[in-house]
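Whatever order the structure lists them in is the order used to number ligands and atoms, beginning at 1. Just so you know, these numbers come straight off a predicted model, no measurement behind them. Computed over heavy atoms, backbone and side chain alike; hydrogens, waters and symmetry mates excluded.
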Amino acid sequence: MDKIIRINMGAEGGPQIKEDSPGEYAGIGGRALTSAIVAKEVPPECNPLGEDNKLVIAPGLLSGTTAAMSGRISMGCKSPLTGGIKEANAGGQPSQMLARLGYAAIILEGKPQDDSLYKVEINKDGVKIIADNSLKMLGNYDLIEKMKSEYGEKVSCISIGPAGEMKMSAASIACTDMEQRPTRHAGRGGVGAVMGTKGVKVIVIDDTDCKMRPPQDPEKFKEANKIFVAGLKSHPVTGEGLPAFGTNVLANIINEAGGYPTNNFQMGQFEGVSKISGETQAELEVARGGLATHGCHRGCVIRCSGIFNDKDGNFVTKQPEYETVWAHGANCGIDDLDVIARLDRLDDDYGIDTIEMGATVAVAMEAGLAKFGDGEAAINLIKEVGKGSHLGRIIGNGAAVTGQVFGVERVPVVKRQAIPAYDPRAIQGIGVTYATTPMGADHTAGYAVTANVLGVGGNIDPLKPEGQIELSRNLQIATAALTDATGLCLFIAFAILDQPETFQAVIDMLNAFYGRSLTADDITEMGKTILKGEREFNARAGLTAQHDRLPEFFHKEALPPHNVTFQVKDEDLDQVFNW
Ligand code: SF4
């Protein structure tokens, strides 16, 4: 990966493409690269929808290699939702393909001088940008069908739906999966709105004739990858639970722990959980001729995904993730997997974040726009987003805006980004991550559910504040470096936290590939460097310690069934990055 493409969308006479060497950014990938470029090149005080923001798309350090699980791609910018730095990542095929084409990053800069919409073609002969207004306001599914008919069945695509074109703060960026469907989304923080401001609808990637990236030491790389894969297969979560039931295996577990937010975070248990659990979902998928075990990109060995068909056996969507099933399910009081699957399909088609949308619909329900449990009403609210009606534009800008417009007090957001599927009162460690990550509420930034509930990487009482700061700090550092920067899927965390030899295998793969001699301490330093740069950007953008807080209601309303509030003190939250 020795090239960076810069596309200046605002250049005189139309977009200009420049190919560069990585220069000062050499040797880093994924989130490390997107955040380094954003921190250096984007003015922190700029309007996120303006010409000074940049969208940086970067494969991970191990993407494009034979390393298992290495297909995550990072999208970075200043977030229109949080006002701070953003990295959202996704699976699917584009990361591996871009990396094999030799690109460390694509940077979209400037703002088009007219309202043309563009597609970018990338293949072994280089990069082209073409105006194509026939793509305007297409949903992601129709768009990808059109790209298939133009470019064939082997390309992958990075695209936005109507929500990105309408510059909504919940707009996502879609990546196509192995079946060339736009199902894998960099969902969070409105990255799709930034792509929309650049006037780029789709990036079509064709890696025909490109080979796997060659390691410096092929034998050592192969051996490390073998140990890594064996470790993933032998761990109960990555080898059994996730492949059998997908991420939604967590529904029963988190409900049992009393941390499954229900009816807009009013309760920690959902009476309809058995109807939407991972076990029920897997059974239904198989019975309808779908799949309960499937990878989102080539080289995934955990295969936590699946295919969800309707009752007639027709494809609806990929297996909705735990977060999606929760957001559109328990959090809205909906216990119907078919309704949830339709909502997931609409979200993917319009290009909107399922977590933000589920949280927003629940806030709208609390405001009285619909009743908790009313699936058809939820579908209609999301359809408003696709139409771009006034109501749809409010909802498409997320839970914070919707709560404000309709005067709702219980709005579960941090830095204006919706809180995901674990109530921080019942799982206090994840509350520390929600409050303090530079990304706004984001469970993936430091997944403290591991030691709080799952008994992975230790055991810490989820209802007590003790030990949570250190847990979240260590996880945030490790996540930034070991998964978000390498392109390895977050779900390897279960195995690497529990099994020292699997953890070491990841470091050995990096060393064998790049001819380096990194130690675990070096990885820690990498993670700290990423977080420090992101926090500095946020400080310059105007975010303060007051933004590293949970909403007031988590401190005031006790959550049933444990009847607990969030107990971690503000002054302790301020110590997370004091390493
Ligand atoms: S484990 Fe799941 S999310 Fe991760 S790469 Fe595999 S299918 Fe994609």
Original post:
Would you call D177 and R184 a salt bridge, using N to O less than 4.0 angstrom?
Top reply: no
**OP:** Return yes if some donor-acceptor pair links the side-chain N/O of T317 with the main-chain N/O of A341 below 3.5 Å, else return no.
**Re:** no
**OP:** Would you check if F228 and I492 make a side-chain contact, meaning some heavy-atom pair closer than 4.5 Å?
**Re:** yes
Subject >> Sidechain-backbone polar pair: S70 side chain, S63 backbone, donor-acceptor under 3.5 Å >> reply: no
Original post:
How about N89 and E87: does a side-chain donor come under 3.5 Å of a side-chain acceptor?
Top reply: yes
**OP:** Return the set of protein N, O or S atoms whose distance to atom 4 (Fe) of ligand 1 is under 2.8 Å, each given as residue and atom.
**Re:** C489 SG
Original post:
Of F265, Y322, Y434, which is the lone residue that meets ring pair (Phe, Tyr, Trp, His ring centres under 6.0 Å) with Y422?
Top reply: Y322
